[in-house]
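So the structure is just underneath, and the comments pick up after that.
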Number of protein chains: 2
Amino acid sequence: MANIKEIARIAGVSVTTVSRVLNNHPYVSKDKRTAVLQTIEQLNYTRNMNAVHLITGRTGAVAVILPYINSFYFSVVMDGLAQAALAAQYRLILCQTNYVPEEELKVLDMLRNKEIDGVIIVSTALKPEVIESFTIYGPVVTCQNSGERQFSSVYIEHYAAFRHGLEYLYGKGHRRIGYCEGRQNGSSASIRQNAFQDFLAEKGLLFDPEWMIFDCMREEDGAEVARRLLDNPDRSGRPEAMMISGDHIAAGLIIEARKHGLKIPEDLAVMGFDNQPIGRLLGITTIDNQLYQMGEAAFGIIHEQINGSSLPVTRKLDYRIIERSTV
Amino acid sequence: MANIKEIARIAGVSVTTVSRVLNNHPYVSKDKRTAVLQTIEQLNYTRNMNAVHLITGRTGAVAVILPYINSFYFSVVMDGLAQAALAAQYRLILCQTNYVPEEELKVLDMLRNKEIDGVIIVSTALKPEVIESFTIYGPVVTCQNSGERQFSSVYIEHYAAFRHGLEYLYGKGHRRIGYCEGRQNGSSASIRQNAFQDFLAEKGLLFDPEWMIFDCMREEDGAEVARRLLDNPDRSGRPEAMMISGDHIAAGLIIEARKHGLKIPEDLAVMGFDNQPIGRLLGITTIDNQLYQMGEAAFGIIHEQINGSSLPVTRKLDYRIIERSTV
DNA sequence: TTGTAAGCGTTATCAT
DNA sequence: ATGATAACGCTTACAA
């Protein structure tokens with residue numbers, strides 16, 4: 001494969017001149033420029049980017065850490081990231097880590113290795129202090145509140161958003177409230193759990209551990225919850241309302257509940273989370289949490305940080321309740 | 001930042017020895033090895049991978065071309081790819097191209113540039129001959145039948161699968177059959193369209209262009225189709241059955257149709273495609289097309305090709321009809 | 001405007 | 001078992 005030296009030789013110029021042409025630098029005469037371009041064309045030459053990366057210390061690539069791509073939440077964030085990266089001519093390395101800390105550390109090591117210019121952490125099993133310890137090697141942006149830690153983040157206030165949703169249910173007269181969540185130990189999941197428990201405590205509402213259900217990942221899990229709740233024939237032994245993390249779970253619950261003749265919201269009110277298309281279809285009242293914008297913003301921040309500004313940035317995104325017909 | 005030379009100097013050995021330790025080569029005495037490892041630890045050293053990439057001509061990265069990640073189809077394929085890549089210690093560069101040919105060409109150019117070791121094309125706007133022209137730079141695998149073209153592919157037979165589904169509807173006695181599709185010009189979409197039209201022609205069934213509906217991307221589009229069909233008050237002016245590409249579209253159609261009092265499948269039979277969780281939830285009869293396996297297989301092939309075997313490979317995946325309750 | 005030459009940080013080759 | 005030294009292919013002072 002041809003290299004810059006060969007181009008220089010054949011075009012009858014120096015390698016510097018070829019490099020200048022390659023990088024659109026000024027101070028190249030028209031003659032030489034066309035000579036170089038012609039030779040490049042003739043030999044079907046392209047730069048070996050690894051050499052460029054080595055000498056410049058940059059790669060134009062950013063790694064994205066997330067547990068699994070095949071979920072509404074993460075694929076929307078990824079969409080936002082990808083569109084922003086495309087516009088900025090950056091490459092995104094998708095690192096699906098299944099929340100395995102060793103794999104996540106390998107990705108952060110790529111920053112030390114100079115394989116990438118920055119890391120975006122959408123969701124992680126790593127502790128903030130571990131993440132912070134890698135910021136000396138390059139910019140890191142997380143999609144969870146970094147608190148006092150010295151790295152950038154863009155986030156939605158899950159605590160406030162969730163409480164807001166619960167207030168909404170409360171305002172509609174509901175007092176016996178249940179709660180569905182995905183992984184119990186997800187970092188935003190535990191924030192939501194706190195919001196839920198704090199809310200019940202403050203309002204003096206009944207807290208029934210049976211009504212707090214974890215590991216709801218798929219539509220079918222929501223249906224399972226409906227069946228479990230309906231096992232109790234006594235209506236007053238069931239919640240009047242459910243706060244559900246993930247509209248697809250809410251959809252599963254609603255569809256199964258209706259199969260059993262329950263009226264939504266009369267017999268059971270349902271509040272979703274994430275504002276997914278399926279929620280719109282079923283008329284689920286939900287909380288929009290700007291996932292696409294989160295991806296866009298995260299990339300925007302890392303892009304700024306790569307190009308100089310080294311102070312950690314924190315960006316808080318809005319959420320809003322979308323009133324439909326299930327509450 | 002420390003480099004290999006400095007490690008060598010401080011550990012009192014040559015750079016070659018350090019390199020040997022780094023790469024777990026034999027023929028290094030225990031003493032020197034520990035000396036090197038200690039110095040590495042002390043100076044918190046890691047290799048600059050760009051130098052490694054330059055000299056070895058490999059990067060351990062593979063690019064993935066797809067139009068948008070935020071869809072069931074692509075995120076499941078991506079999941080399969082990502083799990084396989086993780087297991088093989090490879091990096092995946094996610095190139096969301098929106099079907100813009102220029103962007104897709106840029107990705108293929110990364111192969112010329114030596115930035116990546118291979119390209120996996122899940123779906124593209126590029127013509128097969130264009131893709132073929134890049135195979136001289138490195139392995140390329142597509143998720144569409146490559147036909148006679150000289151590059152590898154792993155695919156499901158959309159034509160056969162779709163016809164099989166249509167036969168199934170026919171077998172259940174349905175004669176007036178409609179069809180919903182995503183982008184009209186997607187490569188597998190046009191194969192499915194051919195299957196549909198060929199089937200109607202061969203069976204001598206009525207072909208009503210009004211019953212062939214494109215651009216159904218989201219759940220809500222399915223609902224819109226239901227409303228459009230119901231506009232016709234004359235039952236015999238409506239299809240008896242719909243073949244629908246994408247269970248989420250089928251879900252939208254079914255939910256909306258039921259709202260209007262239609263019984264599924266009595267008043268309208270619905271056959272889905274993709275075997276999505278929402279289809280399971282709603283009991284949609286559908287066709288499973290092994291998307292996760294497709295991703296896994298695509299990575300497996302590119303991995304083989306990168307490590308030697310240069311003959312194009314073609315792998316055909318099975319599909320199967322999942323009988324539920326909407327037909 | 002152009003060219004020479006010194007890096008960038010590795011691995012590979014070939015001695016010893 | 002170990003080490004000099006030559007690549008790898010580019011950018012960038014610095015000189016002219």
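Throughout, a chain's letter reflects where its sequence line sits, starting with A, and its residues are numbered from 1. What you see is a predicted model, and the numbers here were worked out from it, not measured in a lab. We use all heavy atoms of the structure for the numbers below, so side chains are in, but hydrogens, waters and symmetry mates are not.
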End axis versus end axis in the helix from C:dT1-D:dA16 to C:dT16-D:dA1, the angle rounded to 10°, five pairs used at each terminus | 30°
Contact residues, residues 29-47 of chain B to DNA chain C [heavy atom, < 4.0 Å] | B:Y45, B:T46, B:R47
Distance-only, no hydrogens or angles: does the B:N98 side chain make a donor-acceptor pair with backbone N or O of B:Y68 under 3.5 Å?
-> no
Atom OH of A:Y27 to atom P of D:dC14: distance rounded to whole Å?
-> 17 Å
Does the B:D117 side chain pair with the main chain of B:T59, one donor and one acceptor, at a distance under 3.5 Å?
-> yes
Given DNA chain C, 5'-ward residue of the pair A:S14 and B:V52, judged by closest heavy atom = A:S14
Please list residues of residues 16-23 of chain B whose heavy atoms come under 4.0 Å from any atom in DNA chain D, ordered by number; otherwise none.
-> B:T16, B:T17, B:R20
Partner residues of A:R112 under the salt bridge (charged side-chain N to carboxylate O under 4.0 Å, His left out) criterion, sequence neighbours left out | A:D109
Can you name the residues that form a salt bridge (charged side-chain N to carboxylate O under 4.0 Å, His left out) with A:K106, not counting sequence neighbours?
-> A:E103
Contact check, side chains of A:N48 and B:E115, non-hydrogen atoms, under 4.5 Å = no
When the distance from CG of B:L54 to P of D:dA6 is rounded to whole Å, what number comes out?
-> 17 Å
Given DNA chain D, 5'-ward residue of the pair A:H25 and B:V28, judged by closest heavy atom | B:V28
Min side-chain heavy-atom separation A:R183-A:M217 under 4.5 Å | yes
Considering only heavy atoms of chain A and a distance under 4.0 Å, specify the first and last nucleotide of DNA chain C in 5' to 3' order that meet this criterion.
-> C:dT1 to C:dG9
Rounded distance (Å) that lies between atom P of D:dT11 and atom CG of B:N50 = 14 Å
Could you list the residues that satisfy salt bridge (charged side-chain N to carboxylate O under 4.0 Å, His left out) with B:E41, not counting sequence neighbours?
-> none
Can you list, pair by pair, the side-chain donor-acceptor contacts under 3.5 Å of residues 120-128 of chain B, counting residues two or more places apart and other chains?
from   : atom 1 : to     : atom 2 : distance (Å)
B:S123 : OG     : B:Y99  : OH     : 2.6
B:T124 : OG1    : B:E104 : OE1    : 2.5
B:T124 : OG1    : B:L126 : N      : 2.9

Using the test salt bridge (charged side-chain N to carboxylate O under 4.0 Å, His left out), find all partners of B:E102 that sit at least two apart in sequence or belong to another chain.
-> none
With B:S188, which residues qualify under side chain to side chain contact (heavy atoms under 4.5 Å, CB included), at least two apart?
-> B:H158, B:R192
Quick one: A:I4 CD1 to D:dT11 C1', roughly how many Å, whole number?
-> 8 Å
Could you tell me which non-hydrogen atom of A:L22 sits nearest to which non-hydrogen atom of A:I40, and how far apart they are?
-> CD1-CD1, 3.6 Å
What is the distance, rounded to the nearest whole Å, between atom CG of A:N3 and atom C1' of D:dA7?
-> 12 Å
Send over the distance from B:K5 NZ to D:dA7 P, rounded to a whole Å.
-> 16 Å
Show which side-chain atoms of residues 289-299 of chain B pair as donor or acceptor with protein atoms under 3.5 Å away, not counting sequence neighbours.
from   : atom 1 : to     : atom 2 : distance (Å)
B:N289 : ND2    : B:D274 : OD1    : 3.0
B:Q290 : NE2    : B:D318 : O      : 3.2

B:I7 CD1 to D:dT2 C1', straight-line distance once rounded to whole Å = 18 Å
Would you be so kind as to tabulate the donor-acceptor pairs closer than 3.5 Å made by side chains of residues 5-15 of chain A, with sequence neighbours excluded?
from  : atom 1 : to    : atom 2 : distance (Å)
A:S14 : OG     : A:T16 : N      : 3.4
A:S14 : OG     : A:T17 : N      : 3.3
A:S14 : OG     : A:T17 : OG1    : 3.3

Is the backbone of A:C143 close enough, under 3.5 Å, to the side chain of A:S153 for a donor and an acceptor to pair up by distance?
-> no
What is the distance from CD1 of B:I55 to C1' of D:dT5, rounded to the nearest Å?
-> 12 Å
